[in-house]
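Remarks on the structure that follows.
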Amino acid sequence: MKVVILAGGFGTRISEESQFKPKPMIEIGGIPILVHIMKLYSAYGFNEFIICAGYKQHVIKEYFADYFLHTSDITYDFANGRNEMTIHRTHSDPWKVTVVDTGLNTMTGGRVKRIKEYVGDEPFMLTYGDAVGDVNIRELVEYHKQHGKLGTVSVYNFGQNKGVLEVREDGMVDAFREKSDFDGDLINIGFMVFQPELFDYIEGDDTVFEKGPMNKLVEMQQLAAYTHKGFWQCMDTVREKEKLEKLWASGNAPWKVWEDR
């Protein structure tokens, strides 16, 4: 099953870094968050990726063009007028990566529509290129197969990020307390699985995936929710990036479910 990753947006809310590179190429611990996401899927045996690129798409293409070199030990020999390269050991992943330029201003649904030919007539996974989590991908896929619907979306209770007031019907405050994990609504965190029929519900480049096709599947009762109860964190702001950096530096990043090669 192929993994489709949306990686074409402008990343305006983290413009301090996205002005130089696509948001999914912003690094956590010296590794693009896009690669963190790919390593998660790979840890569960899914190694074929289709990346929906757009803004500064050449950065993603150039990174993977040199990925084998980035992850290998190499000797460059320029002696006696030679220009030889010897690869001693490689730590690269067993991936097949297709990077598709899905347009600069294309909406999320349009980006998915544009990679239809690369997915083919088979189920596929879809996620965003700016968030990490310890989602059990194998369990997610099994859940999708069991319920038989056209789509599965992973949902997560992200909680509140402020103190909580409990107010009675008469307007009087009953309690003021710190947030808890039960105070937030369930949100879509990506890590989705779809049948190929999904493409039939995407009109074109102006289609917003989260509004058009997703709403249609809901109306048809063809979208199921897989509830994730572990760790998840997006990287929309510098503050969120710094949070992920600290977790990675601690050596206990919850989303690192893979073994180092």
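Fair warning: this is a prediction, and the values are worked out from it, not measured in the lab.
Ile37 CD1 to Ile51 CD1: the interatomic distance, rounded to the nearest 0.5 Å, is 9.5 Å. Ile137 contributes atom CD1, which lies 11.5 Å from atom OG of Ser42 (distance to the nearest 0.5 angstrom).
Applying the side chain to side chain donor-acceptor pair (under 3.5 Å) criterion to His144, with sequence neighbours excluded, gives Thr152, Gln195. When the side chain to side chain donor-acceptor pair (under 3.5 Å) test is applied to Asn188, the partners found at least two apart in sequence or on another chain are Tyr128. Contacts of Gln233 classified as side chain to side chain donor-acceptor pair (under 3.5 Å), with partners at least two apart in sequence or in another chain: Lys243.
The aromatic ring centroids of Phe124 and Phe46 lie 6.0 Å or more from each other. Taking the six-membered ring wherever Trp is involved, the centroid distance between the rings of Trp232 and Phe191 does not fall below 6.0 Å.
Lys113 has no carboxylate O lying under 4.0 Å from a charged side-chain N of Glu203, or vice versa, which leaves the two without a salt bridge. A salt bridge does not link Lys61 with Asp101: none of the charged nitrogens is closer than 4.0 Å to a carboxylate oxygen. Taking the charged nitrogens against the carboxylate oxygens, Lys246 and Glu242 have no contact shorter than 4.0 Å, which rules out a salt bridge. Ion pairing between a basic and an acidic side chain is recognised when a charged N comes within 4.0 Å of a carboxylate O; Lys241 and Asp236 show no such pairing.
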Between Asp205 and Arg114, is the salt bridge (Lys or Arg N to Asp or Glu O under 4.0 Å) condition met? List the steps. CA-CA 8 Å; Asp205 284 357; Arg114 287 198 183 198; 2.6 Å; yes
